[in-house]
Amino acid sequence: MLQVKLIVTGDDFGYCPRRNQGIVDCFLAGAISNVSLLVNGSAAADAAKLARRYNIPIGLHANLSEGSPVCEVLKTNSSLLNQHGFFHGKMGFRTALSKGLLKMSEVKQELKAQVELFHDLTGHLPPHMDGHQHVHVLPEPGLHNCEWIPPSLMDFYLGVEEDSFNTVDVFTKHGIRWPDIYIGLSTMGRNMSVSNIWSAIDAAIRDFTSKATTAPTPQSRTVTIELMVHPGYPSVPPVGGCGEGPDDFSQSWERLHELQTLIKPELQSHYKTRNVQLCSFKDL
């Protein structure tokens, strides 16, 4: 029987105190197994303290699209900033990148500064890194069949998917590991439900196993899946964000909806009956 190791990652830890509390509640309920810290989030220091208190596995949620840099020399007169002095935004970042307007030396400088700040806050280097608003790009199997996703959002998701395929060679060249399967775009916010999560997991596993060219060996009988989630209690302005205040998604009911879905007993029992083991990246 295929064993599934599932990393349920709560993104945006450090975004605001209400997000932090929701993520902690989810972890204590056994609904998430891993978190990613926004070091430029307004409540990043509090999040790091909570991770230590509750022994929550924590990695870096690298951010190049929302709020302000953490590198002091890049806070002014940097290619990473728009005319208002903040990062270019989810779409603006990709536009600036496609036009060759971003200095890769500054991208490296900012990411290095975020790793260093993560170390300062947590006392250790991040065992994993992912990207805020998908700057780290991972494809999601079955995405094209999700009719419930509106066209404008689907265009963005498909762009993320295309970018992700272009990173495989780069990741491989530098020895960067990633999970076998990534899920989270089709189950985000209002689209999250117990049935949608399991449909996404089942479809992804079918896609993964169908691409196997040889019979699985004992070593390949384990498949790793990351499910990206955004649980939390809605942000209340002006508290929260990464320097510009909380965004609309953070203030919406959808964060609470994710939290309430993830802690449902039927989801937890489904994991057990399907031989799914929740773990963190540092467990792999």
Side-chain angles (χ1 to χ4, degrees), residues 9 11-16 19 36-42 44 59-118 126 128-140 143 149-171 174 176 178 182 184-186 188-189 226 228 230 235 240-252:
T9 301
D11 272 3
D12 304 337
F13 202 35
Y15 197 84
C16 75
R19 177 75 53 75
S36 288
L37 177 67
L38 274 169
V39 293
N40 73 335
S42 63
L60 175 61
H61 201 44
N63 183 5
L64 296 171
S65 58
E66 182 179 357
S68 304
V70 301
C71 181
E72 286 296 328
V73 299
L74 298 178
K75 290 181 182 292
T76 57
N77 193 29
S78 163
S79 69
L80 303 181
L81 306 180
N82 61 22
Q83 59 183 348
H84 304 294
F86 296 107
F87 286 138
H88 292 285
K90 179 170 69 176
M91 299 307 298
F93 172 83
R94 288 169 166 80
T95 299
L97 182 64
S98 67
K99 292 182 177 180
L101 300 178
L102 300 182
K103 294 180 180 178
M104 290 299 103
S105 61
E106 292 181 347
V107 169
K108 180 179 180 180
Q109 198 172 0
E110 174 60 18
L111 291 177
K112 183 179 178 182
Q114 291 189 21
V115 170
E116 291 172 348
L117 180 53
F118 179 96
H128 84 276
M129 288 178 61
D130 54 29
H132 187 48
Q133 298 174 332
H134 312 290
V135 295
H136 67 302
V137 292
L138 289 172
E140 178 170 334
L143 187 63
I149 298 175
S152 59
L153 200 54
M154 181 61 84
D155 288 343
F156 170 66
Y157 288 171
L158 294 180
V160 170
E161 181 181 63
E162 181 181 355
D163 290 342
S164 67
F165 289 128
N166 293 332
T167 65
V168 171
D169 290 343
V170 177
F171 281 15
H174 293 281
I176 299 172
W178 62 92
Y182 170 83
L185 298 177
S186 63
M188 188 172 171
E226 181 184 18
M228 174 199 69
H230 301 85
S235 300
C242 303
E244 303 172 88
D247 62 16
D248 292 341
F249 184 38
S250 183
Q251 297 174 56
S252 77

Mind checking whether F13 and L38 have side chains closer than 4.5 Å, heavy atoms only?
no
Ring-plane angle category for H132 and Y15, please: parallel below 30°, perpendicular beyond 60°, tilted otherwise.
tilted
Side chain of K75, backbone of P69: donor and acceptor closer than 3.5 Å?
yes
Nearest 0.5 Å, what's the CD-NE2 distance between Q114 and H61?
10.5 Å
Main-chain N/O of Q251 paired to D248 side chain as donor or acceptor, under 3.5 Å:
no
Quick check for you: to the nearest 0.5 Å, what is the distance between N82 atom CG and F87 atom CZ?
10.5 Å
Roughly how far apart are H230 NE2 and D12 CG, rounded to 0.5 Å?
5.0 Å
What are the two closest non-hydrogen atoms of S42 and G240, and how far apart are they?
OG-CA, 3.2 Å
Side chains of E226 and T9: is there a donor and an acceptor less than 3.5 Å apart?
yes
Could you check whether any side-chain N or O of E106 sits under 3.5 Å from a backbone N or O of S79, counting only pairs where one atom can act as donor and the other as acceptor?
yes
Taking only residues two or more places apart in sequence, or in another chain, which ones meet S252 in a side chain to side chain contact (heavy atoms under 4.5 Å, CB included)?
F249, E254
Is there side-chain contact between V70 and F118, with heavy atoms separated by less than 4.5 Å?
no
What's the separation between atom CG in L185 and atom CE in M228, rounded to the nearest 0.5 Å?
5.5 Å
Judged by modelled atom types alone, do H128 and S36 share a side-chain donor-acceptor pair under 3.5 Å?
yes
Could you check whether any side-chain N or O of S250 sits under 3.5 Å from a backbone N or O of P246, counting only pairs where one atom can act as donor and the other as acceptor?
no
Heavy-atom side-chain proximity of L74 to Q109 below 4.5 angstrom
yes
My understanding is that only residues two or more places apart in sequence, or in another chain, count here; which of them pass side chain to side chain contact (heavy atoms under 4.5 Å, CB included) with L111?
A62, L64, V107
NE2 of H88 to CD of Q83, rounded to nearest 0.5 Å, is 10.5 Å
Return the set of residues passing side chain to side chain contact (heavy atoms under 4.5 Å, CB included) with E244 (not counting sequence neighbours), or none when no residue passes.
E66, F86
Is there a side-chain contact between L60 and L37, using heavy atoms and a 4.5 Å cut-off?
no
4.5 Å side-chain heavy-atom contact, N63 and C242
yes
